[in-house]
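Written below as structure tokens is the structure these notes are about.
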Amino acid sequence: MISLVLKMIWSRRGQAVTLALLALFAVAAAVASPAYLAAADRAIAAGQIATATPGERGLAITSVQNERDEEAAGGQLDFNDVGAVLVNLPGFTYTYSAEFPAIGIEKGRQYADRFVFRQDVCSHVRMVTGRCPVAEGEIIIGVATAQRLKLTAGQSVTMQAGKYTEDPRRAGYIPDGRPMKLVIAGTYRPGAPDETYWGTRGYFTAVRGLGPGEPVFTNSATLDTMDHGDTAKAIDGTAGPAALDPDRLDQLRAGLATVNSESIQLGAALQISTGMPALIDRIDAGRAAAHLLVPVLAVPLVLLACFSIFLAVSYGTEGRQPELAVVALRGSRWWTRWWLATGENLASVVVGAAAGCLAGQLLVNLIADARFPGAGVEPGWGSLRYAPFAALAALLAAVLAQRRQLLSPVATLLRRNAIAATGPRALAVEAMVVLLAVVATVQLAISDGTLTGVSLLAPAFLVLAVAVVAARLLLPAVTRYAVHALGRGNLGLALAAFQLSRRPGAQRLFALLVATVAVAGYSACAIDVANGGRAVQSGLGVGADRVLDVGGSVFRSQLLTAVRNVDPDGRYAMAVVRLPSIGHNEPPGLAVDSTRLATVANWPSGGPPASEVERRLRPDAPEPLAFTGQDITVVATGSGFDDTKDLRLEVAVSSATGLGDSLVQLGKIHNGRSSYVQRVAACQKGCRLNGIEVVTASGNAEVAGQLVVNSLSMADPTGPLTDPARWRMTQHGTLAADPTGLRISLNAPGVLAAWINPIDAPFPLPAAYSGAAPLAGSITGAGGSPTPIKLIDRLPAVPQAGTHAVLVDLEWADRLATDAGQSLSPQVWLNRHAPADILARLSAQGLTITGDTRSEQVQRQLEQQGPALSLWFYVLAGTLSVLLGAGALVLAAAVDRARRVEDLSALRGQGLSRGRLAWATGWTYPILVAIAAVVGLVTALIAWLATGWALPLAGIDPPDLPLPSWPGALTVIGTTVAVFLVLAVVAAATGRDLRRRVNRKERHA
């Protein structure tokens, strides 16, 4: 019997090979899913580790100690005790450092150098002149410091420890130790300022007013010899490849927890800081997203594989019905009949399944090596544990496909035309599929997109349901078209259409082809939407091509002036600050130098152009009122005031040259004429008047009276005062013209804080917004007080701030503010035209850059996260689905070939022309493929509409940005066309083979 089955396989070896290939693809698909997830887990960890910051790849153990205090020294932490704690973190390298501030090189009290010993520093700097320090009393300094202070290698300097004092009489750094004569052994440049060796010490962060930070490095002997007080000591641990092995992250997490718990026993003097838990959490979040995304398409792929085997075996068995009828007529026992019926197909499936186990793992290994270089693949063959289940499913599909031939009587098997699968059982199965699709989709919706349980199967069941429903509607439509074509005399096309409508397996083949196109289309939708989302996050989410964070205390006017000095033409830089938000209902706001908005910012699509928003954010406004020098003089006359009430006169000013803001207290208001004079350092080269304030110093009794401002120390001291239209007072009084100046009539029931502001900015403040409009028509202004706004444009999103935010002009917002306070989260946004030395230029303007974020850097980080890496499985799934569809199409054509050759040969004998023969043979399956491509495209879009929103393509916690939810039309149509072309080529090849066989039979006849 075995030899007979082998002969059957050999006689139909083409069908057997095709069926074996389908089984190979089916099992390979089942093996590929877990194998890919294992590879993706490693790649996600490796990618996040590669793009992590130094703080996320290590830990810092710090303590401040003072060896002078002998009593305190007895209770200080001995860093030798730390070794017992660090033994819980194998695979780390540790670098010891100690430092204190030192004075003697820099001029004045404002600045001190960082006097640093760092273990093995000479291996991580490049000596430009001289050599590294080797003897006691030697130091090395940075090249920029040497050039700025005109110091050279071999020169002697005297330095001593310093400490900062806030005593207003001598604010700055003062001596804190005996001076020591030192020799400059050489000058250096850091080899790689961002390498993990430097830890999180920030040695090379730019220092405002000095330029790039360059510590004074020395050896341990010099550091110990030099008299000093408080010393900042640190051990920087850097995780090596062994510690950050993707397979050992759980051990790393446990080791960090142990270190934290044991460090508590060493006392409060020890501080441990690390970003590694955040890195591990990010890796876990990426893996969680991958474990949701991969099964979403793995399930329909496996179902499609089983469906293709079912269809292939069903087609093949229908072609063998006469053989099975002969076996049944001869009275063979049931097991013999079953063996002859199933042996040929089961043998092919078993061989293909065995090959698929190996092929699936090797395929994923090849993809992992190509797409995840350096990450490696999962050791062992753990994914093969799913292979038996896949093989069993393939065998079950093969047996179910032959159930009719195994159970039908001989009369049924002898029928030339097989029974179409349109009976009640087929309808019940299809109805069950549709019901499952509805249940899974509804479950996904009511669970708010939770991809677990039945919800995870929603895309698979939707694709299958739409495919079987479309196939159910196909045959009647094709039959009507065939009748219509026959009536018009188009015999060739009618024959092709009748071939489809009369073949029982055509309906299932069509459903399979629809599912093939739908799986590939759904994959394209997910990949395109994910790519678009990453582009939005790395572009609009960052705000510009490059964003620099400014540290320290920076006034808004100072930031604005500094950036404009660096880029006077507005070609590449823009100053940006955050607006304070009071209350959880108030949207965040950004104040930007809108003259550069269209040039620098990454702008959201779908809204008004940036150039139009820029123009509307900056309407024309009068020139500001400016004091001419640092001595501010105000002459005012009071009348009607109660002398027992302490009323004060203040002015808020902003430097015209970026020296900062100031709230100047002029003095007490008296009845009669008074002259107030104050020297303001910020006004050395002139400053802008932001407002005049009358305020009660104490008490809350009623305040009433009049104050006439007679003159201000401006170029035109009385001109603006004679026109009340140049001023604005919103509460506690009114303004009026007076022959001698500006009359301010005050009337406050309690505590008085009345501002009189020059009108030098639009009021209300023009604002663009995204999301819901701000309540009450106002926002918290740059100065922290409510500011009325005029809404000019609604945006899809405010760059960097998100889909619920406000955008205003920084200069206008600053002019309306009277707080003289520091800017909130100051930044400098840059486009790709920014010069290479932009950090040095900004530092020369007094800005300290503490952070540097680039759009392409964020893009690379996103490409190494779970969603991006897991979607490469979608490429694999789409490819496998096309191969399955093509294989099923080839097998169906091969089974139909013998009967179609017989039928068409008979028609040729009755006068069928060669042209109509070409139509009948060449267009049967291409027409089926064309219709399936259109329906498959619609199916993919329906499945995406119902389930695509739930895929975590942007990660577990999506950002507040207008992420795309629909793919581009070209992507979906292009994918459909590509799949159609592949299947059409296969279909055309089967038609040419059929025509060749008909012609050959005709010649032999």
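Both backbone and side-chain heavy atoms feed into the values below; hydrogens, waters and symmetry mates do not.
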Without placing hydrogens or testing angles, list every side-chain donor-acceptor pair under 3.5 Å for residues 941-955, not counting sequence neighbours.
from, atom 1, to, atom 2, distance (Å)
Trp944, NE1, Ser965, O, 2.8
Thr947, OG1, Tyr522, OH, 2.7
Thr947, OG1, Ala943, O, 2.6
Trp949, NE1, Ala946, O, 2.8

**Item:** Test side chain to side chain contact (heavy atoms under 4.5 Å, CB included) applied to Ala984 - qualifying residues, sequence neighbours left out
**Value:** Phe980
**Message:** Looking only at side-chain N and O atoms, does Gln859 offer a donor or acceptor that is under 3.5 Å from a partner on Glu863?
**Reply:** yes
**Nearest non-hydrogen partners of Pro300 and Val519, listed with the distance** = CB-CG2, 4.3 Å
**Gap between atom CD of Gln48 and atom CG of Leu279 - 0.5 Å precision** = 7.0 Å
**Message:** Nearest 0.5 angstrom please: Leu456 CG to Leu451 CG, how far?
**Reply:** 6.0 Å
**Request:** Could you tell me which residues satisfy side chain to side chain contact (heavy atoms under 4.5 Å, CB included) with Leu961, sequence neighbours excluded, listed by chain and number?
**Result:** Val536, Gln537, Leu540, Pro959, Leu963
**Inter- and intrachain pairs under salt bridge (charged side-chain N to carboxylate O under 4.0 Å, His left out), touching residues 275-296, at least two apart** = Glu56-Arg282, Arg253-Asp281, Arg253-Asp284
**Prompt:** If you look at every heavy atom in Val929 and Ala987, which pair is closest and at what distance?
**Reply:** CG2-CB, 4.2 Å
**Request:** Applying side chain to side chain donor-acceptor pair (under 3.5 Å), name anything that partners Gln857, two or more places apart in sequence or on another chain.
**Result:** none
**Item:** side-chain hydrogen bond (donor to acceptor under 3.5 Å, both in side chains) contacts touching residues 441-455 (sequence neighbours left out)
**Value:** none
**Item:** Non-neighbouring partners of Phe873 that pass ring-ring contact (aromatic ring centres under 6.0 Å, His included), sequence neighbours left out
**Value:** Tyr36
**Message:** Please report the interatomic distance OG(Ser870) to CG(Leu292), rounded to the nearest 0.5 Å.
**Reply:** 9.0 Å
**Prompt:** Who are the side chain to side chain contact (heavy atoms under 4.5 Å, CB included) partners of Ala535, not counting sequence neighbours?
**Reply:** none
**Asked** If you measure from CG on Leu871 to CD1 on Ile527, what distance do you get to the nearest 0.5 Å?
**Response** 6.0 Å
**Message:** Minimum heavy-atom separation for Pro967 and Val972, please, with both atom names.
**Reply:** CG-CG2, 3.5 Å
**Request:** Quick one: list whatever passes side chain to side chain donor-acceptor pair (under 3.5 Å) with Thr971, sequence neighbours left out.
**Result:** Asp528
**Closest non-hydrogen atom pair between Ala290 and Ile44, with its separation** = CB-CD1, 3.9 Å
**Message:** Testing the basics here: between Ala520 and Val979, what is the closest heavy-atom pair and its distance to 0.1 Å?
**Reply:** CB-CG2, 3.8 Å
**Asked** Looking at Thr516 and Gly885, what are the two nearest heavy atoms and their distance?
**Response** OG1-CA, 3.6 Å
**Message:** Does Leu970, at its CG atom, have more than 12 non-hydrogen atoms belonging to other residues, nucleotides or ligands within less than 6.0 Å?
**Reply:** no
**Request:** Only pairs at least two apart or in different chains count here, so list each ring-ring contact (aromatic ring centres under 6.0 Å, His included) that has a residue in residues 442-463.
**Result:** none
**Item:** Any donor-acceptor pair under 3.5 Å from Ser855 side chain to Ser538 backbone
**Value:** yes
**Asked** Of all residues at least two apart in sequence or in a different chain, which pass the side chain to side chain contact (heavy atoms under 4.5 Å, CB included) check with Leu252?
**Response** Leu89, Phe92, Leu244, Leu249, Leu256, Met276, Ile280
**Asked** Can you check whether Leu301 reaches Leu884 side chain to side chain, under 4.5 Å on heavy atoms?
**Response** yes
**Prompt:** Would you call Leu457 and Leu436 a side-chain contact if the rule is heavy atoms closer than 4.5 Å?
**Reply:** no
**Asked** Which residue pairs pass the side-chain hydrogen bond (donor to acceptor under 3.5 Å, both in side chains) test when at least one of the two sits in residues 291-300, sequence neighbours left out?
**Response** Asp41-His291
**Item:** Inter-residue atom distance Leu869.CG - Leu37.CG, 0.5 Å rounding
**Value:** 11.5 Å
